[in-house]
Amino acid sequence: MSRSAFLTVVRASAAYDLLLTAPFATPWTFAFLHARLSAVNQSLGGHALPDFGPFHVLFACLMGSIVLVWSVLRLRAASVTLGRYDGVGRFLFSCWMAWTLAATGAPLLWLFLVPEFCWGAVQWLPVAQAGAGNSTERAPFTSAAPMRSSRGG
């Protein structure tokens with residue numbers, strides 16, 4: 001993938017996160033979202049989502065707040081490195097969503113798990129180098145630069 005296409009993916013994933021995660025940032029927007037997510041889960045054949053107490057809401061809002069900040073950072077300063085780190089975070093989020101899906105069977109989770117994993121996978125695709133003829137240039141986390149021995153090799 002070209003570097004410019006990759007940076008477009010990083011920005012698009014950030015915009016996706018910004019829109020999807022904004023309702024998690026405050027207790028009031030989260031309460032509204034929780035009710036909507038519960039209704040969606042029921043319409044997909046699942047059960048109503050469990051009620052959240054103040055500590056559950058606190059952690060949902062902390063997660064929402066930090067993802068909003070992370071999203072703005074990637075929108076304003078997109079880079080291959082930030083895309084790679086975002087990919088790792090998405091794989092971790094995907095693991096916990098898959099764990100919860102296995103534990104609860106909540107069909108709603110598929111609506112989050114599939115895009116999360118796909119964004120992670122795309123942000124781990126190889127990125128073409130600017131100086132393609134120079135074998136020592138590598139995009140961060142793409143591959144290691146050639147090793148040199150202490151004997152000049």
J.: Before giving the answer on side-chain contact (heavy atoms from CB on, under 4.5 Å), spell out for Leu125 and Phe6 the whole-Å C-alpha distance, their side-chain angles and the decisive distance to 0.1 Å.
T.: CA-CA 9 Å; Leu125 291 175; Phe6 186 85; 5.6 Å; no
J.: Is there a side-chain contact between Tyr85 and Arg74 (heavy atoms, below 4.5 Å)?
T.: no
J.: Determine the minimum heavy-atom distance between Pro27 and Cys61, stating which atoms define it.
T.: N-SG, 3.4 Å
J.: Quick check against the 3.5 Å criterion: does Ser43 have a side-chain atom that pairs as donor or acceptor with the backbone of Val40?
T.: yes
J.: What are the two closest heavy atoms between Ser38 and Ala48, and how far apart are they?
T.: OG-CA, 3.4 Å
J.: For atom OH of Tyr16, is the number of surrounding heavy atoms from other residues, nucleotides or ligands below 6.0 Å larger than 12?
T.: yes
J.: Ignoring hydrogens and geometry beyond distance, is a side-chain donor-acceptor pair present between Asp86 and Trp119 at under 3.5 Å?
T.: no
J.: If every non-hydrogen atom of Leu108 is compared with every non-hydrogen atom of Asn41, which pair is closest and at what distance?
T.: N-OD1, 2.9 Å
J.: Linking I/L/V/M/F/W/Y whenever their side-chain heavy atoms sit closer than 4.5 Å, directly or via other members, would Leu75 and Val122 fall into one cluster?
T.: no
J.: Does some side-chain heavy atom of Phe24 sit less than 4.5 Å from a side-chain heavy atom of Met63?
T.: yes
J.: Are Val72 and Arg76 packed together at the side-chain level, in the sense that at least one heavy-atom pair is separated by less than 4.5 angstrom?
T.: yes
J.: Yes or no on ring pair (Phe, Tyr, Trp, His ring centres under 6.0 Å) for Phe30 and Phe52, after CA distance, side-chain angles and deciding distance?
T.: CA-CA 10 Å; Phe30 178 72; Phe52 271 45; 5.1 Å; yes
J.: Mind running side-chain contact (heavy atoms from CB on, under 4.5 Å) on Val114 and Met97 for me, showing each step along the way?
T.: CA-CA 10 Å; Val114 171; Met97 288 180 201; over 6 Å; no
J.: How many angstroms lie between OG in Ser2 and CD in Gln129, if you round to the nearest 0.5 Å?
T.: 11.5 Å
J.: Is it true that Trp99 and Phe117 fall in one hydrophobic cluster, defined by side-chain heavy atoms closer than 4.5 Å?
T.: no
J.: On a heavy-atom basis, which atom in Thr29 and which in Ala25 lie closest, and how many Å separate them?
T.: OG1-N, 4.3 Å
J.: Could you measure the distance from the OG atom of Ser79 to the CZ atom of Arg3? Nearest 0.5 Å is fine.
T.: 7.5 Å
J.: Would you say Leu62 ends up clustered with Trp28 if hydrophobic residues are merged whenever their side chains have heavy atoms under 4.5 Å apart, either directly or through other cluster members?
T.: no
J.: Can you tell if the side chain of Val9 reaches within under 4.5 Å of the side chain of Met1, non-hydrogen atoms only?
T.: yes
J.: Using side-chain heavy atoms (C-beta onward) and a distance below 4.5 Å, is Trp70 in contact with Ile66?
T.: no
J.: Any heavy-atom pair between the side chains of Gln42 and Leu49 that's under 4.5 Å?
T.: no
J.: Determine whether Leu111 and Leu20 fall in the same hydrophobic cluster, where Ile, Leu, Val, Met, Phe, Trp and Tyr are linked whenever their side-chain heavy atoms lie under 4.5 Å apart.
T.: yes
J.: Between His34 (side chain only) and Val57 (backbone N and O only), is there a donor and an acceptor less than 3.5 Å apart?
T.: no
J.: More than 12 foreign heavy atoms under 6.0 Å from CZ of Phe112: is that the case here?
T.: yes
J.: Specify the closest pair of heavy atoms between Gln123 and Ser13, including all atoms of both residues, with the distance to one decimal.
T.: OE1-OG, 3.5 Å
J.: In the structure I gave you, are the side-chain heavy atoms of Leu18 and Val67 within less than 4.5 Å of one another anywhere?
T.: no
J.: Could you tell me if the side chain of Leu68 sits less than 4.5 Å from the side chain of Asp17, heavy atoms only?
T.: no
J.: Please determine whether residues Phe32 and Phe59 belong to a single hydrophobic cluster, defined as Ile, Leu, Val, Met, Phe, Trp and Tyr linked transitively by side-chain heavy-atom distances below 4.5 Å.
T.: no
J.: Testing the basics here: between Val10 and Ala78, what is the closest heavy-atom pair and its distance to 0.1 Å?
T.: CG1-CB, 4.0 Å
